[in-house]
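Note that the structure is predicted; figures quoted are calculated from it, not measured. Along the sequence shown, residues carry numbers from 1.
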Amino acid sequence: SSAGRYVGVAPLGTSLTTEQARQLRSWGRDPIVATDNDLAGQAAAQRHYWMLVPQLLQPRHAHLPDLSDPADLLAAKRPEELLDALAHAHPLADTLIDERLGNLPAADAALQALPVIAARPVDHWEPALRVVAARTGAPLDVLRDGLQHHIRDFNDDPARAADRQLALGEGVRDRLATAAITRRWDSLGRTIDPRLVADPAWPQLAATLDAISRQGYEAGEIV
(Lines give C-alpha, C1' and ligand atoms only; values in the text may rest on other atoms or scores of the structure.)
Protein backbone atom coordinates (compact mmCIF):
# COMPACT_ATOMS: atom_id res chain seq x y z
CA SER A 1 0.00 0.00 0.00
CA SER A 2 3.04 2.31 0.29
CA ALA A 3 4.44 1.55 -3.19
CA GLY A 4 7.63 0.24 -1.61
CA ARG A 5 8.26 3.31 0.51
CA TYR A 6 7.98 1.37 3.80
CA VAL A 7 8.82 -2.21 4.77
CA GLY A 8 7.01 -3.66 7.75
CA VAL A 9 8.95 -5.74 10.29
CA ALA A 10 7.10 -7.61 13.06
CA PRO A 11 9.10 -8.56 16.18
CA LEU A 12 6.45 -11.20 17.07
CA GLY A 13 4.78 -9.37 19.91
CA THR A 14 6.02 -6.35 21.79
CA SER A 15 9.32 -7.95 22.88
CA LEU A 16 11.91 -6.54 20.52
CA THR A 17 15.18 -8.38 21.13
CA THR A 18 18.77 -7.18 21.08
CA GLU A 19 19.48 -9.37 18.06
CA GLN A 20 16.53 -7.87 16.18
CA ALA A 21 17.81 -4.39 17.03
CA ARG A 22 21.22 -5.33 15.62
CA GLN A 23 19.60 -6.57 12.43
CA LEU A 24 17.71 -3.31 12.06
CA ARG A 25 20.99 -1.43 12.37
CA SER A 26 22.39 -3.41 9.43
CA TRP A 27 19.71 -1.95 7.17
CA GLY A 28 21.24 1.50 7.53
CA ARG A 29 17.91 3.25 8.13
CA ASP A 30 16.34 4.57 11.31
CA PRO A 31 13.18 2.54 11.98
CA ILE A 32 9.69 3.83 12.69
CA VAL A 33 8.12 2.27 15.77
CA ALA A 34 4.38 1.69 15.20
CA THR A 35 3.12 -0.24 18.21
CA ASP A 36 -0.54 -0.54 19.21
CA ASN A 37 -2.00 2.67 20.60
CA ASP A 38 -2.90 1.14 23.95
CA LEU A 39 -1.12 0.81 27.28
CA ALA A 40 0.91 -2.24 26.26
CA GLY A 41 1.89 -0.66 22.95
CA GLN A 42 2.87 2.65 24.52
CA ALA A 43 5.00 0.88 27.12
CA ALA A 44 6.59 -1.22 24.38
CA ALA A 45 7.46 1.89 22.35
CA GLN A 46 9.28 3.32 25.36
CA ARG A 47 11.18 0.04 25.76
CA HIS A 48 12.04 -0.06 22.06
CA TYR A 49 13.81 3.29 22.33
CA TRP A 50 16.31 1.84 24.82
CA MET A 51 16.73 -1.30 22.70
CA LEU A 52 17.50 0.69 19.55
CA VAL A 53 19.67 3.63 20.64
CA PRO A 54 22.62 1.43 21.72
CA GLN A 55 22.71 0.35 18.06
CA LEU A 56 23.17 4.04 17.13
CA LEU A 57 19.66 4.17 15.70
CA GLN A 58 17.34 7.14 16.19
CA PRO A 59 13.86 5.63 15.92
CA ARG A 60 10.80 7.61 15.03
CA HIS A 61 7.32 7.02 16.42
CA ALA A 62 4.08 6.70 14.45
CA HIS A 63 1.00 7.73 16.43
CA LEU A 64 -1.81 5.41 15.34
CA PRO A 65 -5.55 5.87 15.94
CA ASP A 66 -6.75 4.78 19.37
CA LEU A 67 -6.83 1.01 20.01
CA SER A 68 -5.39 0.12 16.61
CA ASP A 69 -2.21 -1.33 15.16
CA PRO A 70 -0.84 -1.47 11.59
CA ALA A 71 -2.38 -4.90 10.91
CA ASP A 72 -5.80 -3.68 12.09
CA LEU A 73 -5.70 -0.70 9.76
CA LEU A 74 -4.72 -2.81 6.75
CA ALA A 75 -7.31 -5.49 7.54
CA ALA A 76 -10.00 -2.78 7.80
CA LYS A 77 -8.92 -1.38 4.43
CA ARG A 78 -7.72 1.87 6.02
CA PRO A 79 -4.16 1.99 4.63
CA GLU A 80 -4.30 5.76 4.19
CA GLU A 81 -4.47 6.19 7.98
CA LEU A 82 -1.40 4.01 8.43
CA LEU A 83 0.51 5.84 5.70
CA ASP A 84 -0.42 9.19 7.23
CA ALA A 85 0.85 8.05 10.65
CA LEU A 86 4.12 6.86 9.12
CA ALA A 87 4.57 10.04 7.09
CA HIS A 88 4.10 12.18 10.21
CA ALA A 89 6.20 10.03 12.53
CA HIS A 90 8.26 12.10 14.95
CA PRO A 91 11.36 11.20 16.98
CA LEU A 92 10.56 8.51 19.54
CA ALA A 93 12.79 10.44 21.96
CA ASP A 94 10.21 13.23 21.90
CA THR A 95 7.54 10.73 22.96
CA LEU A 96 9.65 9.68 25.94
CA ILE A 97 10.43 13.26 26.93
CA ASP A 98 6.78 14.31 26.63
CA GLU A 99 5.73 11.38 28.82
CA ARG A 100 8.11 12.44 31.56
CA LEU A 101 7.17 16.12 31.33
CA GLY A 102 3.47 15.27 31.37
CA ASN A 103 3.39 12.64 34.11
CA LEU A 104 6.11 13.58 36.62
CA PRO A 105 6.65 16.53 38.96
CA ALA A 106 8.76 19.20 37.24
CA ALA A 107 12.03 18.44 39.05
CA ASP A 108 11.76 14.68 38.47
CA ALA A 109 10.70 15.18 34.86
CA ALA A 110 13.76 17.31 34.14
CA LEU A 111 16.12 14.73 35.65
CA GLN A 112 14.52 11.78 33.88
CA ALA A 113 14.50 13.54 30.51
CA LEU A 114 18.30 13.92 30.54
CA PRO A 115 19.21 10.26 29.77
CA VAL A 116 16.81 10.36 26.81
CA ILE A 117 18.43 13.51 25.46
CA ALA A 118 21.94 12.12 25.97
CA ALA A 119 21.18 9.23 23.60
CA ARG A 120 20.27 11.65 20.78
CA PRO A 121 22.63 13.21 18.20
CA VAL A 122 24.57 16.23 19.40
CA ASP A 123 22.55 18.75 17.37
CA HIS A 124 19.40 17.74 19.28
CA TRP A 125 20.82 18.32 22.76
CA GLU A 126 20.40 22.06 23.10
CA PRO A 127 16.89 22.31 21.55
CA ALA A 128 15.68 19.46 23.77
CA LEU A 129 17.20 21.06 26.87
CA ARG A 130 15.43 24.32 26.07
CA VAL A 131 12.09 22.50 25.82
CA VAL A 132 12.68 20.83 29.19
CA ALA A 133 13.76 24.12 30.77
CA ALA A 134 10.69 25.94 29.45
CA ARG A 135 8.26 23.30 30.70
CA THR A 136 9.84 22.58 34.08
CA GLY A 137 11.41 25.88 35.06
CA ALA A 138 14.79 24.20 35.55
CA PRO A 139 17.78 26.48 34.84
CA LEU A 140 19.45 25.73 31.52
CA ASP A 141 22.94 25.73 32.98
CA VAL A 142 21.92 23.16 35.59
CA LEU A 143 20.39 20.97 32.88
CA ARG A 144 23.52 21.26 30.74
CA ASP A 145 25.71 20.19 33.65
CA GLY A 146 23.46 17.22 34.37
CA LEU A 147 23.37 16.22 30.72
CA GLN A 148 27.17 15.98 30.55
CA HIS A 149 27.14 13.13 33.05
CA HIS A 150 24.61 11.16 31.00
CA ILE A 151 26.47 11.84 27.74
CA ARG A 152 29.68 10.40 29.22
CA ASP A 153 27.72 7.46 30.60
CA PHE A 154 26.10 6.70 27.24
CA ASN A 155 29.30 7.17 25.23
CA ASP A 156 31.31 4.91 27.57
CA ASP A 157 28.85 2.01 27.37
CA PRO A 158 25.56 2.57 25.47
CA ALA A 159 24.17 -0.89 26.30
CA ARG A 160 24.77 -0.50 30.02
CA ALA A 161 23.26 2.99 30.07
CA ALA A 162 20.21 1.71 28.18
CA ASP A 163 19.85 -1.28 30.50
CA ARG A 164 19.60 1.07 33.47
CA GLN A 165 16.71 2.84 31.79
CA LEU A 166 15.05 -0.43 30.83
CA ALA A 167 15.10 -1.41 34.51
CA LEU A 168 12.80 1.56 35.16
CA GLY A 169 10.21 0.28 32.71
CA GLU A 170 7.67 -0.78 35.32
CA GLY A 171 7.55 2.77 36.66
CA VAL A 172 6.96 4.11 33.15
CA ARG A 173 4.15 1.63 32.60
CA ASP A 174 2.52 2.64 35.90
CA ARG A 175 2.68 6.31 34.89
CA LEU A 176 1.13 5.55 31.50
CA ALA A 177 -1.67 3.60 33.17
CA THR A 178 -2.35 6.42 35.63
CA ALA A 179 -2.35 8.98 32.80
CA ALA A 180 -4.85 6.88 30.81
CA ILE A 181 -7.21 6.66 33.79
CA THR A 182 -6.91 10.39 34.43
CA ARG A 183 -7.75 11.23 30.81
CA ARG A 184 -10.78 8.94 31.01
CA TRP A 185 -12.27 11.13 33.75
CA ASP A 186 -11.04 14.55 32.61
CA SER A 187 -14.34 15.39 30.94
CA LEU A 188 -16.31 14.75 34.12
CA GLY A 189 -13.76 16.70 36.15
CA ARG A 190 -14.08 19.74 33.89
CA THR A 191 -17.87 19.52 34.09
CA ILE A 192 -17.71 19.66 37.89
CA ASP A 193 -15.11 22.43 38.02
CA PRO A 194 -12.45 23.21 35.37
CA ARG A 195 -9.95 23.85 38.16
CA LEU A 196 -10.29 20.29 39.37
CA VAL A 197 -8.28 18.65 36.58
CA ALA A 198 -5.38 21.04 37.19
CA ASP A 199 -5.14 20.10 40.86
CA PRO A 200 -2.18 17.82 41.77
CA ALA A 201 -4.63 15.50 43.57
CA TRP A 202 -6.78 14.99 40.46
CA PRO A 203 -5.03 11.75 39.30
CA GLN A 204 -5.71 10.16 42.68
CA LEU A 205 -9.36 11.23 42.60
CA ALA A 206 -9.69 10.00 39.01
CA ALA A 207 -8.30 6.62 40.09
CA THR A 208 -10.94 6.47 42.85
CA LEU A 209 -13.69 7.27 40.35
CA ASP A 210 -12.37 4.57 38.06
CA ALA A 211 -12.35 2.02 40.87
CA ILE A 212 -15.95 2.92 41.76
CA SER A 213 -16.96 2.55 38.12
CA ARG A 214 -15.30 -0.86 37.82
CA GLN A 215 -17.36 -2.03 40.78
CA GLY A 216 -20.51 -1.37 38.78
CA TYR A 217 -21.52 2.01 40.19
CA GLU A 218 -22.27 5.15 38.19
CA ALA A 219 -19.39 7.28 39.39
CA GLY A 220 -20.61 10.36 37.52
CA GLU A 221 -24.02 10.22 39.18
CA ILE A 222 -22.45 9.68 42.59
CA VAL A 223 -20.27 12.76 42.16
Side-chain angles (χ1 to χ4, degrees), residues 13-15 33 35-51 61-69 90-119 128-140 142-143 146-147 150 162-223:
T14 57
S15 297
V33 173
T35 51
D36 300 16
N37 192 6
D38 58 14
L39 175 59
Q42 292 167 19
Q46 299 256 343
R47 179 178 180 274
H48 290 173
Y49 181 79
W50 297 113
M51 298 295 295
H61 187 209
H63 184 77
L64 301 181
D66 288 346
L67 302 178
S68 67
D69 64 21
H90 61 269
L92 182 52
D94 289 347
T95 298
L96 271 69
I97 293 170
D98 285 343
E99 185 280 320
R100 285 148 178 78
L101 295 177
N103 298 329
L104 284 169
D108 293 339
L111 289 176
Q112 294 202 30
L114 294 180
V116 182
I117 298 171
L129 286 178
R130 291 185 178 278
V131 169
V132 172
R135 291 181 59 179
T136 65
L140 258 177
V142 173
L143 292 176
L147 181 63
H150 291 288
D163 283 345
R164 278 198 287 269
Q165 298 303 313
L166 287 168
L168 304 175
E170 195 62 34
V172 175
R173 185 183 178 90
D174 289 345
R175 292 200 304 267
L176 290 168
T178 298
I181 291 172
T182 303
R183 285 194 301 271
R184 193 177 305 150
W185 294 97
D186 275 353
S187 178
L188 175 62
R190 292 191 184 94
T191 300
I192 298 168
D193 188 328
R195 295 170 297 179
L196 189 61
V197 297
D199 191 283
W202 171 239
Q204 183 177 356
L205 178 56
T208 301
L209 293 173
D210 201 66
I212 292 172
S213 178
R214 284 188 280 107
Q215 292 174 20
Y217 299 100
E218 288 293 337
E221 293 183 10
I222 292 172
V223 172

Looking at Trp185 and Ser213, what are the two nearest heavy atoms and their distance? CZ2-CB, 3.7 Å
Using atom types as modelled and distance alone, determine if a side-chain donor or acceptor of Tyr49 lies under 3.5 Å from a backbone N or O of Thr95. no
Working note: Leu114 + Leu129, criterion side chain to side chain contact (heavy atoms under 4.5 Å, CB included); need CA distance, chi angles, decisive distance, verdict. CA-CA 8 Å; Leu114 294 180; Leu129 286 178; 3.7 Å; yes
Whether the side chain of Arg100 engages the backbone of Leu96 through a donor-acceptor N/O pair (distance < 3.5 Å, no angle test) should be reported. yes
Roughly how far apart are Ile117 CD1 and His150 NE2, rounded to 0.5 Å? 9.5 Å
Test Asp94 against Val131 for side chain to side chain contact (heavy atoms under 4.5 Å, CB included), laying out the working first. CA-CA 10 Å; Asp94 289 347; Val131 169; over 6 Å; no
Run Thr178 and Arg175 through side chain to side chain contact (heavy atoms under 4.5 Å, CB included) and show every step you take. CA-CA 5 Å; Thr178 298; Arg175 292 200 304 267; 5.7 Å; no
Atom of Leu143, atom of Ala110 and distance for their closest heavy-atom approach: CD2-CB, 3.9 Å
Calculate, to the nearest 0.5 Å, the distance between atoms CG and NE2 belonging to Leu166 and His48 respectively. 10.0 Å
Between CD1 on residue Ile181 and CG on residue Leu205, distance to nearest 0.5 Å: 12.5 Å
Minimum heavy-atom separation for Arg173 and Ala40, please, with both atom names. NH1-CA, 3.9 Å
How long is the straight-line distance from OG1 of Thr35 back to CG of Leu92, given to the nearest 0.5 Å? 8.5 Å
What verdict does the side chain to side chain contact (heavy atoms under 4.5 Å, CB included) test give for Asn37 and Gln42, after you've listed the backbone C-alpha separation in whole Å, the side-chain angles of each residue and the deciding distance to 0.1 Å? CA-CA 6 Å; Asn37 192 6; Gln42 292 167 19; 3.2 Å; yes
Could you give the distance from CZ (Arg135) to CG (Asp98), rounded to the nearest 0.5 Å? 5.0 Å
Please determine whether a side-chain nitrogen of the Lys or Arg among Asp199 and Arg195 lies less than 4.0 Å from a carboxylate oxygen of the Asp or Glu. no
For Trp50 against Pro115, the heavy-atom pair lying closest together: CH2-O, 3.5 Å
Contact summary for Leu196 and Trp202, nearest pair of heavy atoms: O-CB, 3.3 Å
Any chance you could measure Gln112, atom CD, to Ile97, atom CD1, to the nearest 0.5 Å? 12.0 Å
What are the two closest non-hydrogen atoms of Ala179 and Asn103, and how far apart are they? CB-OD1, 3.6 Å
